[in-house]
Amino acid sequence: DTQPGIQPIADREKINRTNKFKIYLHARGRLGNHMFQAAAAIGMSVWTKREIVFHPNTFSYIRKGFKFDLQNNSHSIGTMEHSKIKQVYEINAFAFEPEKYSHFPPGDVEICCALQTWKYFAHISDMVRRLYSFHDDVEKEANNYVKSVRSASRKDLLVGVHIRRTDIITIDYAVKQLGVNICPVDYMIKAMDHYRSKYRSVHFIVCSDDIEWSIDQLKNFTDISFSSGHKPKEDLAILSKCNHSVLTHGTFGWWGAWLAGGDVVYYDDNFINKRKLEFELKHYFLPDWIGRRSRNGNQCDRHGRRICHSGG
């Protein structure tokens, strides 16, 4: 989608450079975070006609998971001295600031930090999908697994379910300062019920950083397969090959859903202090994605159990 103040361009393979100044990216976080920051940097490169300089660690980290073949697009790999470049910071992780990031001040700039909105690369979405093509060995493993699930379940329609737990429930910063509301099992069941009601024949694939917990919580459902023994990049590829998606927390699942296309159900109670973030969260989730809460809409502890408050 074209955003206010942003001129659409043809989604071409080559970006013509007319600006001598550069955009420097030294990405933070893990795979999903890197994907957001790199895609945003490329989108901004198109807007401003600036070359991107990827920090060597950033470029190699992304290339471990994807082909990330920039072909003829102007880019380089290296470091830039902080004293000689201007830092351009977002107001928060989910903000969309097109004026700030499409009209940089003169000189080289470093962009920071999370840049977690699809709107920074909506105008080059086809290019981003091509860049995030999986390596052949990952593609083969994911295809074989998905094929085996379809064969065993005798269901063609697959829904990928990503359950993130290990770090989100152990990092006090996430729970206390960011106000993350741990996703309850009730929500996961409700999200899957959405697809069970919509489609007559459907099967689910659960990918998780805590697959044992996921199996223990959902083992009584016969229409669920659990991805076990796969590397994170293989799980992401598996999610991307499903028809539809269910999200809990995090950018990893977000990218699995975005790459898959199709319908997406996300946890609409991610933050206890959501009112402070409502304006920004609309830039994170796509407008046609469906928000759902737990069946009772209560807050949950780190084990996914509901916290019941007196008087409500």
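Any value given below was found using the heavy atoms of this structure, including those in side chains, with hydrogens, waters and symmetry copies removed. Quantities reported herein were computed from a predicted structural model and do not represent experimental measurements.
Here the two rings, on Tyr120 and Tyr101, have centers that are under 6.0 Å apart. Trp255 has its ring centre no less than 6.0 Å from the ring centre of Phe66.
At a cut-off of 3.5 Å, with distance as the only test, no side-chain donor of Asn243 or Tyr195 sits close to an acceptor on the other residue.
The two residues Arg50 and Pro106 come nearest to each other via the heavy atoms NH2-CA, 4.4 Å.
Under the 4.0 Å criterion applied to side-chain N and carboxylate O atoms, Asp223 and Lys155 are not assigned as salt-bridge partners. A salt bridge links Lys67 with Asp136: the distance from a Lys NZ or Arg NE/NH1/NH2 to an Asp or Glu carboxylate oxygen falls below 4.0 Å. Under a 4.0 Å N-O distance rule, the pair Asp137/Lys140 does not qualify as a salt bridge.
Using cut-offs of 30° and 60° for the angle between ring planes, the His82 and Tyr24 rings count as perpendicular. Aromatic ring pairs are classed by plane angle as parallel below 30°, tilted from 30° to 60° and perpendicular above 60°; the pair Phe121 and Phe36 is tilted. Classification of the Tyr61-His34 ring pair by plane angle, with boundaries at 30° and 60°, yields tilted.
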Worksheet item: After noting the C-alpha distance and the side-chain angles of Thr117 and Tyr284, does the key distance pass the side chain to side chain contact (heavy atoms under 4.5 Å, CB included) rule?
Response: CA-CA 5 Å; Thr117 170; Tyr284 180 66; 5.8 Å; no

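Within a 6.0 Å sphere centred on NZ of Lys231, heavy atoms belonging to other residues, nucleotides or ligands number 12 at most.
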